[in-house]
**Q** 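Below: one structure in C-alpha cells.
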Amino acid sequence: MIHKLFKQMVVSNIISAMAVMLCLLIDSIMIGRFLGVDAMAAYTLSNPVLLVFAGFGSLMSTGIQVVCSQAMGRGDEKTINNCYSLSLMVMAAFAFGGLALILIFIDPVCVLLGAEEGTEVYRLTRDYLVGFVIGAPAFIGAQVLIPYLQMAGRRVLLVVAVLTMTVVDVACDLINVYVVKKETFGMGLASTISYFVAFCIGVSYFAGKKCIYKFKLKGITRGLFVRIIRGGVPMLVNQVSIVLLVYLVNQVLLDVGQKTAVAAYMVCTTISNLGYCIGNGIAEVSLMLTGIAYKEEDRGAFGTIIKEQTKFSIFINAIVTIIFFVGAVPLVRLFLGNNPTVEGEAVMGLRLCSLCFVVSSINAAFRKYYQGIERVRFSELISVLQNFVFPATIVVTLGYSIGTTGVWMYFLLGEVITIIFITLAVWRMSKKRLCSLESYICISDDFGASEDDVLELEIYNKDDIPEVISKTTQFCKEHGEFGRSEMYTALCIEEMANNIVEHGFMEGADNNIDIRLVKKEEELILRIRDNCKAFNPKDYYELNRKQDDPATHIGIKMVFRTIKDISYVNSLGLNCLTMRIRNEKKA
C-alpha cells in the first residue's frame, strides 16, 4: 500500500510545494517584463517580508505533518483534532497580527528594507507591500491547511485550488498591466486575490459535512504548540541556511563579477526554485509516511519508503533536468526579455543548476526521512551542510579562483558532496556494509517486531477473506496463541473485512484491504487499513450498543467484546483500525 500511497500523494505534494512560489514567480515575471527596473527593485526589496510570512507558514506546515503523522501511527485521532484546532488559532493570530503590524508601520518597514524615503522605489515598495499583505490571512492559511487536505485524502481539491490560483493570478496581473494600471500595488493585490480564491476552494472542504476534523478549544495546550514548533525547526534551519547562502553568493558575485552576475543569479534561482519543488514535494511524502510507520513500529515499511522516494526522485527530476537544460534560453528570456549581457550568465547558471535536481531531491528526501524516524539532529545537520557549509565552501574557493563559472558549480558539487556525507555518516552509525538502499534505514536491530513476528496480507475481494483467516490462524498457532486469542483474531478479520467489502468497496475503484498482524511480547496487534469509504467502527458501535435487541449489529458487538483496545484514524484517504487482541490461550 505504501507504493500506492507514494504514487497518489507525490503529484499533489509537488503542486502544493509550488503553491506559495507560483504567485511570487508570476509577479516576478510580470514586474520584470512590464513595469521596469524600479518596480523590479521594489519587488526585490519586499522579498524579506514575503519570506517571513512564507517561513512561518512552512514552519507550521512541517510541524503539523510531524505531529499528525506520529499521531496517525499511534491511532491517536484526538491529537490530530487538537493539532487542527491549535494550528487554526495560531494561523489566525500570526496572519492578522502580521497584517496589522505591516500596515501600521509600513513606512519604517520600507526604510528598513532599504528603500530610500521620497524616491520612486520607496513608493513602489510601499504599494507592493500594501497590496500583498492584505492577503496574509489567505497566504498563511493556505500553507497551514494544505497538510490537512493531504491527510484527508483531498488531493484533487488541492490540485484544483493551486491551478485555479495560478490562472487567477496571471489574469489579474494582466488586467493590472493593461487595464487598471495600478503598478506594484496592483501586482500585490493580484496575488492577494488569487490566494483568497485558492483559500476559499480549500476551505469548502473544512466547512462541509464530510470534514474529518473537529475544532475543539479544549484540546489546545502549550505542550502541543511546542511539539508543532519543534517539529518545524528542521525546516526553519533549512530556510535560514538557504538565506545565508544566497547572501554569501551575492557578495562573492559582486567581488568576482559584476552586477549583471547578481541579476543572472536572481533569475537563475527564481526559475530553479520550481525544479526544487519536485524534491520538496517528494520529501514531504517521505516525512508523512515515515512518521506513520515509525509510530506503528512498522520496520518493513522503511525500506519501501526509501526505495520509493529514490525512484521518484530519479525519474521525475531526470525529466525536469532535461526540460530546464534544453529550455534554459526561453526560460531566462521570460524574465529578461532580450538582454544578452545577463542572459549568457543566467543560462549557464540555470543549466548547471538543473544538473543537481536528481541528487538534491534524493538528499531532501533522506533529510525528511531521518526527521521522520526522529533523528532530528542528523536531519538538521544535513540541512546546514547541504544548504550552506558545502556550497559556501565551493563558492568561496572556486569563485575567487575561476570566477562566476566557479560560483555556479556549487549547485551540483554541493549536492554531490552532501550525498557522500550522508552515506559515510550512515555507514558510521550503522557499522554495516552499505550494499543497498535498505542500508540507509538507520534503525536499530531491536526496533519493532522481527520479520518472523509479523504477518502482512491483502484482500481485494470477498473470496480472499477465508484464505487470509487461514493464514492468520496458522500464524497464531506458530506463535503459541491457541484457543480464544486465535479465535478472536479470526473473528475480527472476518467481521471487519466482510463489512468493508460489502459496504465500503466503491464500484470501479482500486479497492483493497491491508491486514497486518503483529505478535509483540504477550499480545497480538491487528491493524486493518483500507482505501474505501470512510467508516469509524468505534462511533458506529457506540451508536448501536445500547439497543434493546441483542441480535442487532451482533457482529461488531462481538468484535468489541473480544479486544482489549481499539483505535481508529481516517487519514490520507484511508481507514486505519488498530486492535489489541485479548490474550487468552486456554479455550
**Q** Has the side chain of Gln371 got a donor or acceptor atom that lies under 3.5 Å from a matching backbone atom of Leu287?
**A**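 No, Gln371 side chain to Leu287 backbone: no donor-acceptor pair under 3.5 Å.
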**Q** Taking the six-membered ring for Trp and the single ring otherwise, decide whether the centroids of Phe199 and Phe139 are under 6.0 Å apart.
**A**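 Not under 6.0 Å, so no.
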**Q** What distance do Leu355 atom CG and Thr321 atom OG1 have between them, rounded to the nearest 0.5 Å?
**A**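 If I round to the nearest 0.5 Å, the distance is 7.0 Å.
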**Q** For the ring pair Phe34 and Tyr178, is the centre-to-centre distance below 6.0 Å?
**A**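 That pair passes the under 6.0 Å test.
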**Q** Between Ser194 (side chain only) and Ser191 (backbone N and O only), is there a donor and an acceptor less than 3.5 Å apart?
**A**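 Present.
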**Q** Which is it for Arg367 and Glu380 under the salt bridge (charged side-chain N to carboxylate O under 4.0 Å, His left out) test, yes or no, and what are the steps along the way?
**A** CA-CA 8 Å; Arg367 188 177 72 237; Glu380 291 173 344; over 6 Å; no
**Q** Kindly say whether Thr269 contributes a backbone atom to a donor-acceptor pair with the side chain of Ser272 at under 3.5 angstrom?
**A**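 Yes, because the side chain of Ser272 sits within donor-acceptor range (under 3.5 Å) of the backbone of Thr269.
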**Q** Where the side chain of Asp38 meets the backbone of Glu120, is there a donor-acceptor pair that is under 3.5 Å apart?
**A**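 No: the side chain of Asp38 does not pair with the backbone of Glu120.
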**Q** Is the backbone N or O of Met165 less than 3.5 Å from a side-chain atom of Asp169, with the two atoms forming a donor-acceptor pair by type?
**A**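 The answer is no, because no donor-acceptor pair under 3.5 Å joins these two groups.
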**Q** Would you say the side-chain atoms of Gln150 and Gln65 include a donor-acceptor pair closer than 3.5 Å?
**A**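 Absent: no donor and acceptor within the cut-off.
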**Q** Between Ser361 and Tyr276, does the side-chain hydrogen bond (donor to acceptor under 3.5 Å, both in side chains) criterion hold? Intermediate values first, please.
**A** CA-CA 7 Å; Ser361 181; Tyr276 288 130; over 6 Å; no
**Q** With sequence neighbours excluded, what pairs up with Phe312 under the ring-ring contact (aromatic ring centres under 6.0 Å, His included) test?
**A**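 Scan of Phe312 (ring-ring contact (aromatic ring centres under 6.0 Å, His included), adjacent residues dropped) gives Phe6.
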**Q** Could you check whether atom NZ of Lys295 has more than 12 heavy atoms from other residues, nucleotides or ligands sitting under 6.0 Å from it?
**A**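 Yes, NZ of Lys295 has more than 12 neighbouring heavy atoms, counting only those of other groups under 6.0 Å.
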**Q** Can Gln309 and Ser286 be counted as having a side-chain donor-acceptor contact under 3.5 angstrom?
**A**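 There is such a pair between these side chains.
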**Q** Tell me whether the count of non-hydrogen atoms from other residues, nucleotides or ligands lying under 6.0 Å of CD in Glu116 goes above 12.
**A**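 Count not over threshold, so no.
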**Q** As a quick check of understanding, evaluate side-chain hydrogen bond (donor to acceptor under 3.5 Å, both in side chains) for Asp107 and Tyr122, giving each step before the final call.
**A** CA-CA 9 Å; Asp107 292 322; Tyr122 176 89; 2.8 Å; yes
**Q** If you define the side chain from C-beta out and look only at heavy atoms, does anything of Tyr148 sit under 4.5 Å from Phe206?
**A**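 With C-beta onward as the side chain, the pair touches.
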**Q** Does Cys356 offer a backbone N or O that forms a donor-acceptor pair with the side chain of Ser360 under 3.5 Å?
**A**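 No, Ser360 side chain to Cys356 backbone: no donor-acceptor pair under 3.5 Å.
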**Q** Using 30° and 60° as the class boundaries, would you call the ring planes of Tyr265 and Trp408 parallel, tilted or perpendicular?
**A**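 It falls in the parallel class, under 30°.
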**Q** When you measure from the side chain of Thr79 to the backbone N and O of Asp76, does any donor-acceptor pair fall under 3.5 Å?
**A**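 Not confirmed, Thr79 side chain does not pair with Asp76 backbone.
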**Q** Assert yes or no for the condition that the ring centre distance of Phe324 to Phe357 is strictly below 6.0 Å.
**A**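 Yes, the ring centres sit under 6.0 Å apart.
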**Q** Determine whether the side chains of Thr125 and Tyr43 contain a donor N or O and an acceptor N or O closer than 3.5 Å.
**A**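 No.
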**Q** Where do Glu117 and Arg126 land on the salt bridge (charged side-chain N to carboxylate O under 4.0 Å, His left out) test, with the steps shown first?
**A** CA-CA 10 Å; Glu117 198 167 359; Arg126 190 181 191 280; over 6 Å; no
**Q** Return yes if a side-chain donor-acceptor contact under 3.5 Å exists between Asp127 and Thr184, otherwise no.
**A**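 No pair is found: no donor N or O on one side chain lies under 3.5 Å from an acceptor on the other.
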**Q** Under the 3.5 angstrom rule, does the side chain of Asn575 hit a backbone N or O of Lys533 as a donor-acceptor pair?
**A**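 Yes.
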**Q** Testing the 3.5 Å rule here: is there a donor-acceptor pair between the side chains of Glu345 and Thr404?
**A**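 There is such a pair (donor and acceptor under 3.5 Å, judged by atom type) between the side chains of Glu345 and Thr404.
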**Q** Do any N or O atoms from the side chain of Asn176 and from the backbone of Glu183 form a donor-acceptor pair under 3.5 angstrom?
**A**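 Side chain of Asn176 to backbone of Glu183: a pair is present.
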